[in-house]
Novice: 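Let me begin by handing over the structure; questions about it come next.
Note that the structure is a prediction, hence the values are computed from the model and not measured. Sequence lines set the chain letters: A, B, ... in the order given, protein chains first and strands last, and positions in each chain run from 1.
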There are 2 protein chains.
Amino acid sequence: MTSLPPGADVSKATLADVAQAAGVSRATASKALNNRVHVKLETRLRVEAAAAALDFTPNFFAKALNSSRTNTIGMLTSDLDNRFVLPVLLGAEDAFGSGSLSVLLADARDDVMREQLHIETLLSRKVDGLLVVGRTTNPRSPVGLPVDVPVVYVYAPSTRETDTSFTPDNVLAGRLAARHLVETGRRRIALVNGEPSYAAARDRALGVTLELRDHDLELLSGDSLFGQWGERWGRDCARLIAQSHPEVDAIIGGSDHIARGVIDSLTRLGRRVPDDVAVIGFDNWDVLVSESEPPLSSVDMNLEHLGRVAAQALVEAIGGAPRTGLHSETVHLALRESTRPSVTDDH
Amino acid sequence: MTSLPPGADVSKATLADVAQAAGVSRATASKALNNRVHVKLETRLRVEAAAAALDFTPNFFAKALNSSRTNTIGMLTSDLDNRFVLPVLLGAEDAFGSGSLSVLLADARDDVMREQLHIETLLSRKVDGLLVVGRTTNPRSPVGLPVDVPVVYVYAPSTRETDTSFTPDNVLAGRLAARHLVETGRRRIALVNGEPSYAAARDRALGVTLELRDHDLELLSGDSLFGQWGERWGRDCARLIAQSHPEVDAIIGGSDHIARGVIDSLTRLGRRVPDDVAVIGFDNWDVLVSESEPPLSSVDMNLEHLGRVAAQALVEAIGGAPRTGLHSETVHLALRESTRPSVTDDH
DNA sequence: CTGTTAGCGCTTTCAC
DNA sequence: GTGAAAGCGCTAACAG
């Protein structure tokens, strides 16, 4: 019982204790425990035994004080309250947590001031690297760091091309959705898209258009209908499309929400999904797609994978091997009932 | 330019530099900067000026090395990929972030081993306190800490009554939902509930039952229908209820999802919502309630508030004023179209 | 191979 | 009021 302040009796045993118990100097004990060279095997074993016996845990701060590596990374989110960042965090936490890296979380609330403040705090804690998780896939301006700390941008790429960024390939997503519909016999395809201010919406539309063009097709309404991300927009547009283009045999929703709205309207109008009209969405958000009636096909953005590769890239960058540039990560189809080929089309 | 390892030129200026620039000793500089007593005002000012001029940031680790307070708290989640933890985190991050507290995030993936591992890491980083965020509102066994660090449980309370826990008041939630329906003239009320293994489901059912009893009413089906949390379950049950109890004038969904399914079935069966049957859910999950057709009334669990008060309690506990026991935090109604009193009931 | 000697940057007695 | 000295727990030279 020393005279330390109350509550400080955490991990009492110090390196000196271990050294003494093992009958060596602190320096030797340190080398032994850190797998440094020039330590006799027998000594190393003795030290390790002593450490184990004393339940020794090295003092994190003392270590950090003279090693310039803290095994801590900062995760800066623009908006925690966003269903897209979660899987990314999860994948990242996964990649980090398996090792001995800890994650310092900071939520900037999509506010530049807060972001700068949090960056300063993170830097003062000497994080080894920074993972910047965006709110959308719209490119964002790079964070301004006064010092040289590796940064990886995920979801929202940095506008600076020499930075390292990972973002889902929304053009491919659009292509996959369109290709699937064409391959299952659909020809009169419409796209009800989300907000035009979102790169995700524009990229998906582009992918759809390009893919259709490859098949000598084009969107039913001539162009993609940009609007909002919600069900209501999906309902409204589906109703209009069903009237103005009764021949429609497939509708792509810019998001799962929109697609749900589309299904809702079509069903109420007496159009059968998928027999009369196939419907597909984007994001493959579990709660929306699996319990839909019928279950909704969707394009999965592989967000957890995205987080994982970004985290790995950050670890590599910390290790000195930066993987710079913009990386568009692949996405994949998640097929369900809503795009089952209609029987008549099968022949 | 010292001979430090590359990338270590972070916050170059040290206390010694400041002291020298101010023409005082390091000891005095330290006292001045930390608002300790026994420092002449003029000296203090001079030191502060020097610090500002040199853009001095105290070395976090050196400080931590002899202060036993790290201004870091650990946030241990059972399952990051859970829509209920987000708002809680947000509220907590809010309460912490406004000060100078940093948050070390660890996701246990609902795995005891991982949890223990993460706790050890967090403790080795000497967090001042621990916020344990549960996956459900089911009580959980307390975390085993070898040392005396304040812990606050949120969402899932600890089974140990002397611990500090914050959880939403689901009994009240059930009461509020039922009371609202009764007050708007509904009398033949059914409850389609979630999984019986969830305390949330059982508590909500209890609240509904108690409230109805206070009005000399009881559930239409005699008892609550426990099942699953999804839309499908809501659809199936609503269909059954509409057939077996055609007189039903209100259905409470155990979650917004269930309620959405209920609305879906009722609509398809030609029952009008809310004119024929009122529908209300729980959780007030934005994407589900506001874009529903009609928009869905719900009970908001105040999760962000929950996170905030838990975080505040943790800060207080760190400060030495623990607020022990189980705290059931209040919830509130979020009324929308789906429970509008039907015109005939208004008289 | 091992121990001795110096610090890392800061706080804290305790004299002056 | 202020400063000299000691030390938090560890790692990194340099000798031996």
Novice: Who pairs with A/Phe166 by ring pair (Phe, Tyr, Trp, His ring centres under 6.0 Å), at least two apart in sequence or on another chain?
Specialist: A/His327
Novice: Base, sugar-phosphate, or nothing for A/Phe56, non-hydrogen atoms under 4.0 angstrom?
Specialist: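 Sugar-phosphate: the residue A/Phe56, judged by heavy atoms under 4.0 Å, touches backbone atoms but no base.
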Novice: Could you note down all residue pairs passing side-chain hydrogen bond (donor to acceptor under 3.5 Å, both in side chains) where residues 16-25 of chain B supplies at least one of them, sequence neighbours left out?
Specialist: B/Ser25-B/Thr28
Novice: Under 4.0 Å between a side-chain N or O of B/Thr43 and OP1 or OP2 of D/dT2?
Specialist: yes
Novice: Given D/dC10, C/dC10, D/dG1, identify the nucleotide with an atom nearest to the side chain of A/Lys63.
Specialist: D/dC10
Novice: Can you tell me how far P of D/dC10 sits from CG of B/Leu65, to the nearest Å?
Specialist: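 One finds 9 Å between P of D/dC10 and CG of B/Leu65, rounded.
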Novice: Tell me if a side-chain donor or acceptor on A/Asp128 pairs with a main-chain N or O of A/Asn71 at a distance below 3.5 Å.
Specialist: yes
Novice: With nearest nucleotide decided by heavy atoms, which residue, B/Ala62 or B/Val24, maps closer to the 5′ end of DNA chain D?
Specialist: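 Final value for this comparison: B/Val24.
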Novice: A/Arg36 has an atom CZ; how far is it from atom C1' of D/dC10, in whole Å?
Specialist: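 Atom-to-atom, A/Arg36 to D/dC10, this comes out as 12 Å.
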Novice: Take atom CZ of B/Phe61 and atom P of C/dC8, then tell me their distance rounded to the nearest Å.
Specialist: 17 Å
Novice: In this structure, which one of B/Leu326, B/Thr136, B/Asn138 forms a side chain to side chain contact (heavy atoms under 4.5 Å, CB included) with B/Thr167?
Specialist: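 Exactly one candidate clears the test, B/Leu326.
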Novice: I need the NE2-P distance between A/His38 and D/dC14, as an integer number of Å.
Specialist: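 These atoms are roughly 14 Å apart.
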Novice: Looking only at the side chain of B/Ser30 (C-beta and beyond, no hydrogens), which of the listed nucleotides D/dG1, C/dT12, D/dA12 gets closest?
Specialist: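 Out of D/dG1, C/dT12, D/dA12, the nucleotide with an atom closest to B/Ser30's side chain is C/dT12.
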Novice: Is there a side-chain contact between A/Val88 and A/His305 in this structure, where contact means two heavy atoms from C-beta onward sitting under 4.5 Å apart?
Specialist: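 When only atoms from C-beta onward are counted, A/His305 and A/Val88 do not touch, as no gap falls below 4.5 Å.
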Novice: Using whole Å, what does the distance between atom P of nucleotide C/dG9 and atom CG of B/Asp17 come to?
Specialist: 9 Å
Novice: For the side chain of B/Pro58, starting at C-beta, report the closest nucleotide among C/dT2, C/dC10, D/dT2.
Specialist: C/dC10
Novice: How long is the line joining NZ of B/Lys12 and C1' of C/dG9, in whole Å?
Specialist: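 For the pair B/Lys12 NZ and C/dG9 C1', the rounded distance is 16 Å.
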Novice: Can you tell whether the side chains of B/Asp107 and B/Arg114 come within less than 4.0 Å, N to carboxylate O?
Specialist: no
Novice: Which pairs with one or both residues in residues 38-57 of chain A pass ring pair (Phe, Tyr, Trp, His ring centres under 6.0 Å), sequence neighbours excluded?
Specialist: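 Every pair satisfying ring pair (Phe, Tyr, Trp, His ring centres under 6.0 Å) with a residue in residues 38-57 of chain A: there are none.
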Novice: Donor-acceptor check, side chain of A/Asn302 to backbone of A/Thr330, threshold 3.5 angstrom: yes or no?
Specialist: yes
Novice: Under a 4.0 Å N-O cut-off, is there an ion pair linking A/Arg140 with A/Glu115?
Specialist: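 Yes, A/Arg140 and A/Glu115 are salt-bridged.
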Novice: In whole angstroms, how far is the C1' atom of C/dT12 from the CG atom of B/Leu15?
Specialist: 13 Å
Novice: Can you tell me how far P in C/dT2 sits from the matching atom in D/dG9, rounded to whole Å?
Specialist: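 Per the computed distance, 25 Å lies between those P atoms.
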Novice: Partners of A/Pro87 by side-chain contact (heavy atoms from CB on, under 4.5 Å), sequence neighbours excluded?
Specialist: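 If we apply the side-chain contact (heavy atoms from CB on, under 4.5 Å) test to A/Pro87, skipping adjacent residues, the hits are A/Leu303.
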Novice: Determine which bases of DNA chain C form Watson-Crick or G-U wobble pairs with both distances under 3.5 Å, and write the result as a 5' to 3' dot-bracket string with | for other-strand partners.
Specialist: ||||.|||||||||||
Novice: Starting from C1' on C/dT11, measure out to CZ on B/Phe60 and report it in whole angstrom.
Specialist: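 From B/Phe60 CZ to C/dT11 C1': 15 Å.
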Novice: Under 3.5 Å between N/O atoms: give me all the protein pairs with nucleotides 4-7 of chain C, atom names plus distance.
Specialist:
unit_1 : atom_1 : unit_2  : atom_2 : d
C/dA6  : N6     : A/Arg26 : NH2    : 3.2
C/dG7  : N2     : A/Asn66 : OD1    : 3.0

Novice: Check the phosphate of D/dC10 against A/Thr14, side-chain N and O only, distance under 4.0 Å to OP1 or OP2. Yes or no?
Specialist: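 Indeed, a polar side-chain atom of A/Thr14 lies that close.
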